[in-house]
Colleague: 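Starting off with a structure, shown below.
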Amino acid sequence: MQITIAGHHTTKVGELWEKGLADLFQEAIGGSVKNAGIDSRQIDQVFVASKAPGEFNNQLHLNALVSQFFNHFPPSMRVEGACASGGLALLAAEQAILSGYCQTALVVGAEKMTDTTASNATRILAMAANHDAENGSTFPGLYALLAQVHTEKFKTSREMLSAVAVKNHTHALENPLAQFHREFTLDQVSQSPLVADPLRLLDCSPISDGASAVILTGRKMKNKPKILGFGHAQDALDLASRKDLTTLRATVQAAQKSYQMADVRPDQIQLAEVHDCFTIAEILAIEDLGFFDKGMGGRATLNHETKLNGKVVINLSGGLKAFGHPIGATGIKQVVYLAQQIEDERYKLGLAHNVGGSGATAVVHVVG
Amino acid sequence: MHPAKYTRLNKQWKSFLGKTGQVVVSTYIRVAGSEHLRAAPYSLAIVAFGKNRKELMGVGHQRLEIGDKVRCVLRKGSKKNDSDPLEYQLKVKKVKQA
């Protein structure tokens, strides 16, 4: 497989009052084309990721909106898979390139989430759950259920959950694009207001605006990061239909596929951007991706094994927790961050893990 | 909820109404979405009814814990506005603490 990341760009993430959805798309696209150093007419196909622009911004038909930013109106389609929209859009582009349908594709994701109230945003986000089978659920609530099960079975402690948030906020201090540049202590996380027991406010990723874009190509390019492998898997949408709530099966399967395609083992991954929409989600991820034994993710985090210079560096960008979670952009900005780290020669092999809903969809990429 | 969807969901009530089950896992939701703001805080639990499992809200502000025995009951659902028609939904009520 030969897919090169020719160019990339991520906008600042946060509450961006001055920028609308179209502005975010344009900034990410312009930045990625400039970064790639190509003529934008070389883009054969566009893949657009966004979770709920109809609900958040009264704007649908995003494929046409984005195609219109180019003079040559490249064919464009929108991909939606809840919080995994970005990862799935990447996958669609990769499949298009590998099939020979196109040679160079732009993948761009954006979400403009802060123009509504927190309770309305919570309602919109909950639309990614099974609306009939999970009435009354919220995403913090669903991940709280997963946290309760993990705690019950593996004695995962409050301190272990808090350690995820503390680490990711510390990592984000070095990321100028991150939504938050503030350190927290274990006590501050552990004493923040309860949202859905046992998850607290500082266990949760924020509501964010932002966009991210990558240009992928099948053309051979030297000194550019490559997509070495990818995997995608599904599980039941509602938690009650899952066989095991201590693991996200879709993550396990997507990871296995990506490792196999890239011909690497989990212990070779140096840097991973994982889907830490909630602190428990990072603990589940680092176990399900094979970095730590099942039940040991919390302990490993508390023991600083996932920090900068640890056994495997998890969410150096700050993750969803502190870099931010502009949903449609998230899976793309993970890969962009890895590409930047590889270009800067800080790391050689990275992994991106993007999850939709409470784990029904998972997409894993290996970048090197 | 859309009336047509409400009618379709009503047809599933008889499968669970009056049945007793056991809480597999539960959380207490304090920050709800706009649809359920007026109900918060409330329990959300996965309940095992024999081999079947279902996610259900607890009645009122009752806190449910793992292992609690619960009964499936019909209760008023959440309303966004006072002028909205009354909706009923399946919830679970604790009958015996774990």
Side-chain angles (χ1 to χ4, degrees), chain A residues 52 55 116-153 192-204 206-207 236-246 278 280 357-358, chain B residues 1-2 4-13 15-16 21 23-49 51-61 63-67 75-78 80 87-92 98:
Chain A
E55 289 282 332
T116 188
T117 61
S119 63
N120 195 39
T122 303
R123 179 190 67 82
I124 294 168
L125 296 176
M127 292 167 79
N130 186 326
H131 195 253
D132 293 349
E134 298 183 297
N135 185 32
S137 68
T138 61
F139 267 95
L142 295 174
Y143 275 91
L145 293 172
L146 295 173
Q148 296 277 19
V149 172
H150 207 273
T151 297
E152 183 80 4
K153 185 154 185 187
S192 61
L194 277 161
V195 173
D197 303 21
L199 298 183
R200 294 172 179 271
L201 182 65
L202 290 174
D203 287 305
C204 307
I207 303 293
L237 181 55
D238 64 298
L239 290 183
S241 298
R242 305 245 181 105
K243 286 181 181 166
D244 184 357
L245 295 177
T246 63
F278 301 94
I280 183 63
S358 56
Chain B
M1 191 184 295
H2 192 281
K5 185 171 184 178
Y6 183 60
T7 305
R8 288 194 294 270
L9 288 176
N10 287 2
K11 292 176 183 170
Q12 299 169 12
W13 286 353
S15 307
F16 291 94
V23 173
V24 177
V25 62
S26 170
T27 182
Y28 199 57
I29 293 186
R30 296 153 192 274
V31 180
S34 53
E35 280 179 313
H36 297 285
L37 268 183
R38 290 181 173 201
Y42 57 88
S43 289
L44 179 73
I46 296 177
V47 180
F49 297 97
K51 286 182 181 175
N52 292 327
R53 287 181 170 195
K54 192 168 176 60
E55 275 173 60
L56 289 160
M57 292 169 67
V59 299
H61 304 306
R63 293 198 63 151
L64 301 175
E65 305 289 344
I66 294 172
R75 288 288 186 274
K76 284 177 192 169
S78 307
K80 269 190 188 175
E87 283 178 13
Y88 286 82
Q89 67 178 87
L90 291 178
K91 293 189 178 181
V92 282

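Residue numbers begin at 1 in each chain, while the letters A, B, ... track the order of the sequences.
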Colleague: Is a side-chain donor or acceptor of B:E35 paired with a backbone partner of A:R123 at a separation under 3.5 angstrom?
Modeller: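 Checking the backbone N and O of A:R123 against the side chain of B:E35, no donor-acceptor pair under 3.5 Å is found.
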Colleague: Tell me, for B:L37 versus chain A, whether the close heavy atoms (under 4.5 Å) come from the side chain, the backbone, both or neither.
Modeller: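 Only the side chain of B:L37 comes within 4.5 Å of chain A.
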Colleague: Side chain to side chain contact (heavy atoms under 4.5 Å, CB included), that's the test. Do A:E152 and B:I66 meet it? Break it down for me.
Modeller: CA-CA 9 Å; A:E152 183 80 4; B:I66 294 172; 3.8 Å; yes
Colleague: So do the side chains of A:N135 and B:Q89 get within less than 4.5 Å of each other, counting heavy atoms only?
Modeller: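 The answer is yes; the side chains approach within 4.5 Å.
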Colleague: So, taking the atom named CG in B:N52 and the one named OG in A:S241, what distance separates them when rounded to the nearest 0.5 Å?
Modeller: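 These two atoms lie 9.5 Å from each other.
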Colleague: What part of B:L90 gets within 4.5 angstrom of chain A, counting heavy atoms only: side chain, backbone, both, or neither?
Modeller: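 Answer is neither: B:L90 stays 4.5 Å or more from chain A.
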Colleague: Distance-only, no hydrogens or angles: does the B:Y42 side chain make a donor-acceptor pair with backbone N or O of A:G136 under 3.5 Å?
Modeller: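 Present.
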Colleague: A side-chain contact here means heavy atoms from C-beta on lying under 4.5 Å apart; do A:D197 and B:R30 qualify?
Modeller: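 A side-chain contact under 4.5 Å exists here.
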Colleague: To the nearest 0.5 angstrom, please state how far the CD atom of A:E134 sits from the CE atom of B:M57.
Modeller: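 The distance works out to 13.0 Å.
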Colleague: Is it true that a side-chain atom of A:Q148 and a backbone atom of B:S26 form a donor plus acceptor pair closer than 3.5 Å?
Modeller: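 Yes: the side chain of A:Q148 pairs with the backbone of B:S26.
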Colleague: Using non-hydrogen atoms only, which part of A:A126 is less than 4.5 Å away from chain B: side chain, backbone, both, or neither?
Modeller: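 Interface part for A:A126: neither.
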Colleague: When heavy-atom pairs shorter than 4.5 Å are enumerated against chain A, which of B:S34, B:G33, B:A40, B:A32 gives the highest number?
Modeller: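 That would be B:S34.
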Colleague: Do the side chains of A:L142 and B:E55 get nearer than 4.5 Å, heavy atoms only?
Modeller: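 Sidechains of A:L142 and B:E55: in contact.
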Colleague: Rounded to the nearest 0.5 Å, how far apart are CG of A:L145 and CD1 of B:I46?
Modeller: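 If I round to the nearest 0.5 Å, the distance is 5.0 Å.
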Colleague: Over all heavy atoms of both residues, which pair between B:T27 and A:A144 is shortest? Give the atoms and the distance, please.
Modeller: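 Here B:T27 and A:A144 meet closest at OG1-CB, 3.3 Å.
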Colleague: Can you tell which of A:V149, A:L194, A:N130, A:D238 has the highest number of heavy-atom pairs within less than 4.5 Å of chain B?
Modeller: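 Going by pairs under 4.5 Å, I would pick A:L194.
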Colleague: Please look at B:K5 and chain A and tell me whether the side chain, the backbone, both or neither of the residue comes under 4.5 angstrom of a heavy atom of that chain.
Modeller: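 The side chain, not the backbone.
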Colleague: With only heavy atoms counted, which part of A:L146 is less than 4.5 Å from chain B, the side chain, the backbone, both or neither?
Modeller: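 Contact with chain B is absent: no heavy atom of A:L146 under 4.5 Å.
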Colleague: Any heavy-atom pair between the side chains of A:D132 and B:L9 that's under 4.5 Å?
Modeller: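 B:L9 reaches A:D132 side chain to side chain.
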